[in-house]
Amino acid sequence: MSGTGYDAVSYPGYAYNQTHPDRLATQATLFGMAPAPPAACRVLEIGAGDGGNLIPMALGLPGSEFVGIDLSAEAVARGAPVIDELELPNVTLRVADVLELPADLGQFDYVISHGVYSWIGPQPRDALVAACGRLLTSQGVAYISYNAYPGSYLRDMASDILRFHLEGVGEPAERLARARHLMALVVAANAQTPYAGVLRHHFERVLQHPDPLLYHDDIAEVNTPVYLHEFVAHAARHGLQFLSEARLHDSQLHELPEDVAWELDGLPDDAVVREQYIDFVVNRMFRQTLLCRDDVALERSLDARRLAGLSFAAPLRVEPAADGGEPTFVRGPVSFQPGRPRLSAALRAIAAAWPRAVTFEWLTANLDATARDRLGDELLEIHAAGALDLHTHPPAPAAVPGSRPVASPLALHQVAAGLDRVTSLRHASVQLEDPLAVHLLSLLDGSRDRDDLEVALREYLAGGGLDGTGVEPPPGDLAAALDAALARLAELSLLVA
Ligand SMILES: C[S@@+](CC[C@H](N)C(=O)[O-])C[C@H]1O[C@@H](n2cnc3c(N)ncnc32)[C@H](O)[C@@H]1O
């Protein structure tokens with residue numbers, strides 16, 4: 001992808017939760033490493049763009065140092081005023097080519113590179129992995145995301161079609177419009193052969209992508225997927241080994257039919273081979289792989305004893321059982337009913353604490369070692385199923401709105417810049433669907449109590465919104481709607497404690 005083409009389209013409000021030092025440290029700890037504490041570490045992001053991913057981390061971890069490098073001076077120049085406005089002394093964005101990194105960078109506990117490896121040519125791609133090998137500390141962790149085969153053969157088919165269609169079209173808005181038009185045409189053709197059906201389904205999904213993602217992922221000029229085993233071999237040439245995927249959930253066999261999972265479980269005891277076969281059976285298209293130095297001794301079997309010092313968090317919905325038995329816990333598409341009161345009690349405590357986290361020590365305070373390990377194993381299994389988050393350095397947003405609620409300074413900056421996608425204090429992108437919620441967020445600088453906020457919202461509604469074209473008022477009583485909206489912002493981890 002050309003630098004100029006990319007610069008015209010930015011990723012406002014996007015942050016990648018899986019790249020956060022808390023995530024990388026947690027995963028490394030589970031696999032027996034002793035990673036640097038997220039609250040006191042050095043992080044390098046290669047291809048950091050305008051710092052949209054790095055700046056929120058620096059805000060949340062003031063004792064750590066963050067360096068972002070990017071080839072694009074335009075992107076770096078976009079990030080600089082945000083850093084100034086938020087007065088962040090611990091983050092620097094530098095214009096640099098990964099092929100010629102400055103000599104004064106030093107060593108890093110975490111090196112992250114999201115959305116870069118597959119989208120650059122062979123030389124910078126190799127330089128990116130070499131930089132991880134050269135700059136990581138002894139217990140350091142690198143995160144690299146990339147498009148993966150075999151799933152990306154489908155992407156290749158789509159890319160070939162779009163590349164032909166967009167030949168000679170340089171202007172980003174026009175590329176986007178033309179790509180959307182052709183994809184819609186293929187969808188409308190509704191051809192019924194198996195390949196046509198797969199492509200139609202793919203284009204239907206891609207048509208839902210926001211412009212930045214479509215531009216970067218689907219109509220990029222360079223898009224080089226690799227098999228996991230090729231990626232790992234590449235890393236090995238630079239003294240690095242496969243640690244894990246960034247999300248434990250992505251390496252699990254839970255969602256596969258039992259006989260398939262059983263067969264994969266019987267593969268040789270080699271983490272990479274096992275992961276590679278998972279990719280074959282799930283047709284994986286994208287990976288977020290963690291690497292560490294090849295001399296680190298990893299412990300690959302999960303062990304509850306490594307939960308010491310870690311914390312659990314999850315927005316679990318608790319559905320009581322009709323017969324007074326154990327409740328059902330629901331998170332998104334995952335629902336489960338623990339068979340044991342002790343596990344239910346732990347999950348209830350985690351649900352009640354959201355958006356805060358609960359330490360494993362607190363959950364197991366009165367248990368002997370056997371009971372503690374059993375509960376730990378059960379919680380780890382639920383974490384692996386994707387229903388519990390695990391933290392080394394949990395985010396600590398306000399659990400309930402204060403009397404003068406305060407939003408994250410970054411979210412305030414983002415809504416002031418006209419965005420409705422903001423970055424939460426748990427390093428997640430939050431799309432605010434409702435203009436009233438966006439306006440409310442913009443008022444939360446700590447200077448207004450509930451009465452002031454209600455007056456301001458009433459004025460906003462009476463004036464038909466900021467542009468006077470009209471805003472749908474919330475149903476019922478405004479004071480109650482304000483309380484509900486504030487509670488929702490707290491739940492989304494957008495309010496500062
Ligand atoms: C697709 S963007 C990803 C940006 C960001 N990491 C994200 O995911 O939102 C790829 C970034 O890599 C940068 N890049 C491309 N080639 C590079 C190189 N040789 N050295 C440093 N950065 C490069 C581009 O300027 C661009 O900002």
Side-chain angles (χ1 to χ4, degrees), residues 1-21 23-24 43-58 66-80 82-83 91-103 105 108 110-132 134-135 142-147 152 155 159 172 175-176 209-225 246 286-289 410 414 419 421-423 427-429 431:
M1 152 187 341
S2 77
T4 11
Y6 170 70
D7 285 346
V9 181
S10 65
Y11 292 72
Y14 278 84
Y16 308 105
N17 194 262
Q18 311 305 331
T19 67
H20 196 279
R23 179 92 294 279
L24 310 189
V43 180
L44 172 68
E45 180 165 7
I46 299 177
D50 61 9
N53 187 46
L54 208 55
I55 292 170
M57 295 182 191
F66 297 81
V67 179
I69 68 110
D70 200 284
L71 190 57
S72 161
E74 200 182 321
V76 168
R78 263 199 318 264
V82 184
I83 296 173
V91 56
T92 321
L93 294 178
R94 296 170 71 163
V95 180
D97 190 331
V98 70
L99 284 169
E100 295 166 43
L101 285 179
L105 287 175
F108 293 89
Y110 302 99
V111 179
I112 60 184
S113 191
H114 181 77
V116 180
Y117 183 93
S118 285
W119 295 271
I120 52 181
Q123 270 188 306
R125 191 179 313 134
D126 189 51
L128 164 61
V129 182
C132 295
R134 204 170 57 245
L135 300 176
Y143 163 107
I144 299 181
S145 65
Y146 50 97
N147 280 339
S152 282
R155 247 196 257 272
S159 296
R175 284 177 69 79
L176 286 165
H209 287 176
D211 281 350
L213 189 60
L214 172 59
Y215 190 81
H216 163 54
D217 251 26
D218 306 289
I219 61 173
E221 282 156 20
V222 178
N223 185 346
T224 311
F286 182 68
R287 273 193 168 265
Q288 305 178 90
T289 296
L410 178 60
Q414 289 168 324
L419 302 181
R421 177 183 288 278
V422 295
T423 311
H427 205 61
S429 298
Q431 178 70 50

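Residues take their numbers from the sequence shown, with the count starting at 1. Order of appearance sets the numbers: ligands from 1, and atoms from 1 within every ligand.
Distances below 4.0 Å separate heavy atoms of Gly115 from the following atoms of ligand 1: 1 (C), 2 (S), 3 (C), 10 (C). Shown in contact with His216 at under 4.0 Å from a heavy atom are these atoms of ligand 1, numbered in order with element: 1 (C). Each of the following atoms of ligand 1 lies closer than 4.0 Å to a heavy atom of Val98: 18 (C), 19 (N), 20 (N), 21 (C). Near Glu45, with a cut-off below 4.0 Å to any heavy atom, the atoms of ligand 1 are 6 (N). For ligand 1, the atoms lying closer than 4.0 Å to a non-hydrogen atom of Ile120 are 15 (C), 16 (N).
Across the listed options Asp97, Asp70, Asn53, Asp97 owns the non-hydrogen atom lying nearest to atom 19 (N) of ligand 1.
In this structure the side chain of His20 never reaches within 4.5 angstrom of the side chain of Asn53, judged on heavy atoms. Residues Ile219 and Leu176 meet the side-chain proximity criterion, which asks for heavy atoms closer than 4.5 Å. Taking 4.5 Å as the limit, some side-chain heavy atom of Ile112 sits within range of a side-chain heavy atom of Leu24.
For ligand 1, the polar-atom distance check finds no N/O of Ala48 at less than 3.5 Å from any of the ligand's N/O atoms. Geometrically, ligand 1 and Gly47 share a nitrogen or oxygen pair separated by less than 3.5 Å. Residue-to-ligand polar distances place His114 within reach of ligand 1: an N/O pair is separated by less than 3.5 Å. In terms of polar-atom proximity, defined here as any N/O pair under 3.5 Å, Leu71 does make such a contact with ligand 1.
Under the side chain to side chain donor-acceptor pair (under 3.5 Å) test applied with Tyr143, the options Gln288, Arg23, Gln18, Glu45 reduce to a single match, Gln288.
Annotation for Gln123: atom CD does not count as buried by contact number, only 12 or fewer foreign heavy atoms lying within 6.0 Å.
Of the heavy atoms in Ala96, only backbone atoms (N, CA, C, O) come closer than 4.0 Å to ligand 1.
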